[in-house]
Amino acid sequence: MSPGIGSTLKGKFLEALRSVLTITILVLIFMFVCVPQPFDAAVSFIIGAVFLLIGMTLFTLGADIAMKPMGDILGSFIAGKKKIWFLALMGLVLGFIITITEPGLLVLAELAAGIPSSILIVSVAAGVGAFLAIAFLREVLHLSFRLILLIGYSILFIVACFVPENFLPLAFDSGGATTGSMTVPFIIALGVGIAFINRDNCSEDDNFGLIAICSIGPILTVMVLGLIYTPDNSSAEYAVYTATAAEHTALSTAYAGTLLKYTYETLLSLAPIVVVFLAFSVFAIKTPKKKMIPILLGILATYVGLVLFLTGAHLGFFPVGNLLGHHLAGSDYRWALVIAGMVFGYFVIRAEPAVAVLNTQVADITRGVISQKAMKLSLSIGVALAIGIAMLRVLTGLPIMWVLLPGYIISVGLAFVTPKIFTSVAFDSGGVASGPLTSAFLLPLAIGASHTLGGNAVTDAFGLIAMVAMTPLITIQILGLYYVWKKKKVKSA
């Protein structure tokens, strides 16, 4: 291992340690002080946290030395062809195959028990591919990002009027779960590569917005799926709630089996994008061997990191989230569920792998105008509010559209008064915030609570990821307005 990679690995480990340790300690306090849990659940959670720590370290390392360069190389090659049809085709193909690897989507597909995983994943991937093609065309043709948002979300809410109510939360959750730890570094790098080729006609906000546009696609395609497909939701709650008891009967067996499962599934998921990249590198781009070696090592790190991360999230965080939701909702202080959810939301976002990737890239591209500290605080506040609202929905059965419609009206409205760079970053952050840990810990928290309260998890608990994807759009754009106000104050002083 070269000194450079060794130093980067150390930095990634310390970064992951800070993120994972905080949420781990917080959950353990809740488990032993507020809501006592079985001993084996605590042991499984601690093991899962270790897996999560190592997995996040390796994944973020792989994102830096593999996924980003892969995206840069492919993005530059695609833009260099200067053919609109080729650009759109590659957006469609790359968007589809990279989405199949997304951990957050795999977790959501498992939780959506009423729909076959393959049907949901293909529908979501098709939506991402179609809208990544639109995002590519936006960069080359210099289309208005604000106009695309206005048209895109207007179409979504019009179509939503005709979609069955029990399908809407899953549709909006799909948009958030899709843009996570795998898609974010790759798609952002693709955008940077394309923008660099067109650097004479682009501004720094052209580097962002791809994630936001891609988030619209899966919501629309899953809504269309809802118009033509009738899911069997009868077993959705039961499958999630009873999984915890079975998984803790033998920890060693559970972890061995889950490791094997994700080793196989992650290999199948990661293979398409690796094969496409290698084919282009060898036969079209002619990437030098010196560049390829670190990329291949990075792919290996990404693969191992994803396997460990998903295993830790599934066996460590998923059952504990479910049990905590069950006990909090069943206590005499069920409204504490809202406060607990907000506290968890504030800190869970800091452990999402894709958030670290986006924060670093935002700080680099904006030359520190949007600092990592400001991004983390804005995202944490936004996600805390989101989980608080989501838990209120679990307790009251509030329809999801009563929250999403005004939320997105405010978000799109702010886009027309906020600096473009903050708008682009805000809408990208919405997708990034709702990653695999949100799906594997916070969503089960809501499902466990909903089951205990006798509610319908399909309509009351699902939709949580959509909330997490929405609130950062508002908080980060407010950060942009604060930045403008502060700048004016300095000038007038």
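Note that this is a predicted model, so its numbers are computed, not measured.
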Separation of Ile400 CD1 from Leu405 CG (nearest 0.5 Å):
11.5 Å
Those residues that, when tested against Thr459, pass side-chain hydrogen bond (donor to acceptor under 3.5 Å, both in side chains) (two or more places apart):
none
So Ile299 and Met70, do their side chains get closer than 4.5 Å, heavy atoms only?
yes
Any side-chain heavy atom of Leu259 sitting closer than 4.5 Å to one from Leu308?
yes
With a 4.5 Å cut-off on side-chain heavy atoms, are Val27 and Leu324 touching?
yes
Do Ile387 and Met467 come within less than 4.5 Å of each other through their side chains, counting heavy atoms only?
no
Could you go through Val222 and Val124, starting from their C-alpha distance and side-chain angles, then the distance that decides it, and tell me whether this counts as side-chain contact (heavy atoms from CB on, under 4.5 Å)?
CA-CA 7 Å; Val222 175; Val124 169; 3.7 Å; yes
Here the side chain to side chain donor-acceptor pair (under 3.5 Å) pairs for residues 461-478, sequence neighbours left out, are Thr423-Gln477
Pairing residues for Tyr264 by the ring pair (Phe, Tyr, Trp, His ring centres under 6.0 Å) criterion, not counting sequence neighbours:
none
May I ask you to test the Leu105-Thr99 pair for a side-chain heavy-atom distance under 4.5 Å?
yes
Where at least one partner belongs to residues 259-270, residue pairs that pass salt bridge (charged side-chain N to carboxylate O under 4.0 Å, His left out), sequence neighbours excluded
Glu110-Lys261
Using atom types as modelled and distance alone, determine if a side-chain donor or acceptor of Asn322 lies under 3.5 Å from a backbone N or O of Leu445.
no
side-chain contact (heavy atoms from CB on, under 4.5 Å) evaluation trace for Leu398 with Leu392:
CA-CA 8 Å; Leu398 184 70; Leu392 276 174; over 6 Å; no
As a quick check of understanding, evaluate side-chain hydrogen bond (donor to acceptor under 3.5 Å, both in side chains) for His314 and Thr258, giving each step before the final call.
CA-CA 8 Å; His314 186 81; Thr258 305; 5.2 Å; no
Apply side chain to side chain contact (heavy atoms under 4.5 Å, CB included) to Ile97 and list each qualifying residue two or more places apart in sequence or on a separate chain.
Leu94, Pro272, Ile273, Val276
List in chain and number order the residues that pass salt bridge (charged side-chain N to carboxylate O under 4.0 Å, His left out) with Lys376, two or more places apart in sequence or in another chain; answer none if no residue qualifies.
none
Between Leu443 and Ala461 the two heavy atoms that sit nearest each other are CD1-O, 3.6 Å
Say you draw a straight line from OG of Ser215 to OH of Tyr153; how long is it, rounded to the nearest 0.5 Å?
6.0 Å
Atom pair CG/CG of Leu481 and Leu414 - distance to nearest 0.5 Å:
6.0 Å
Whether the side chain of Ser450 engages the backbone of Asp460 through a donor-acceptor N/O pair (distance < 3.5 Å, no angle test) should be reported.
no
Identify the two heavy atoms, one from Ala426 and one from Pro472, that lie closest to each other, and give their separation to 0.1 Å.
CB-O, 4.1 Å
Can you tell me how far apart CD1 (Ile98) and SG (Cys214) are? Round to the nearest 0.5 Å.
11.0 Å
Residues passing the side chain to side chain contact (heavy atoms under 4.5 Å, CB included) test with Leu395, sequence neighbours excluded, are Arg334, Trp335, Leu337, Val338, Leu453
Once rounded to the nearest 0.5 Å, what's the spacing between atom OH of Tyr346 and atom CG of Leu385?
11.0 Å
Can you classify the ring geometry of Phe344 versus Phe30 as parallel (below 30°), tilted (30 to 60°) or perpendicular (above 60°)?
tilted
What is the minimum heavy-atom distance between Leu442 and Gly345, and which atoms define it?
CD1-CA, 4.3 Å
For Ser331, enumerate each residue passing the side chain to side chain contact (heavy atoms under 4.5 Å, CB included) test, keeping only those at least two apart in sequence or located in another chain.
Tyr333
Is any side-chain heavy atom of Phe427 less than 4.5 Å from a side-chain heavy atom of Ser411?
yes
Donor-acceptor check, side chain of Asp173 to backbone of Gly463, threshold 3.5 angstrom: yes or no?
yes
Main-chain N/O of Leu315 paired to Ser44 side chain as donor or acceptor, under 3.5 Å:
yes
State, yes or no, whether a side-chain contact exists between Leu58 and Thr302 at a heavy-atom distance under 4.5 Å.
no
Tell me which pairs pass side chain to side chain donor-acceptor pair (under 3.5 Å) where either residue lies in residues 380-397, with sequence neighbours left out.
Arg350-Ser380
Can you spot which of Phe309, Tyr255, Phe59 makes a ring pair (Phe, Tyr, Trp, His ring centres under 6.0 Å) with Phe51?
Tyr255
Holding to ring pair (Phe, Tyr, Trp, His ring centres under 6.0 Å), I want the full list of residues that pass it with Phe317, two or more places apart in sequence or in another chain.
Phe45, Phe441
Take Leu479 and Leu377 through the side-chain contact (heavy atoms from CB on, under 4.5 Å) test and state the conclusion after the steps.
CA-CA 10 Å; Leu479 173 66; Leu377 181 60; over 6 Å; no
Run the ring pair (Phe, Tyr, Trp, His ring centres under 6.0 Å) test against Phe13 and tell me which residues pass, sequence neighbours left out.
none
For Thr418, what residues pass the side-chain hydrogen bond (donor to acceptor under 3.5 Å, both in side chains) criterion, not counting sequence neighbours?
none
Does any non-hydrogen side-chain atom of Lys420 lie less than 4.5 Å from one of Phe145?
no
Here the gap from Phe462 atom CZ to Asn456 atom CG, rounded to the nearest 0.5 Å, amounts to 10.0 Å
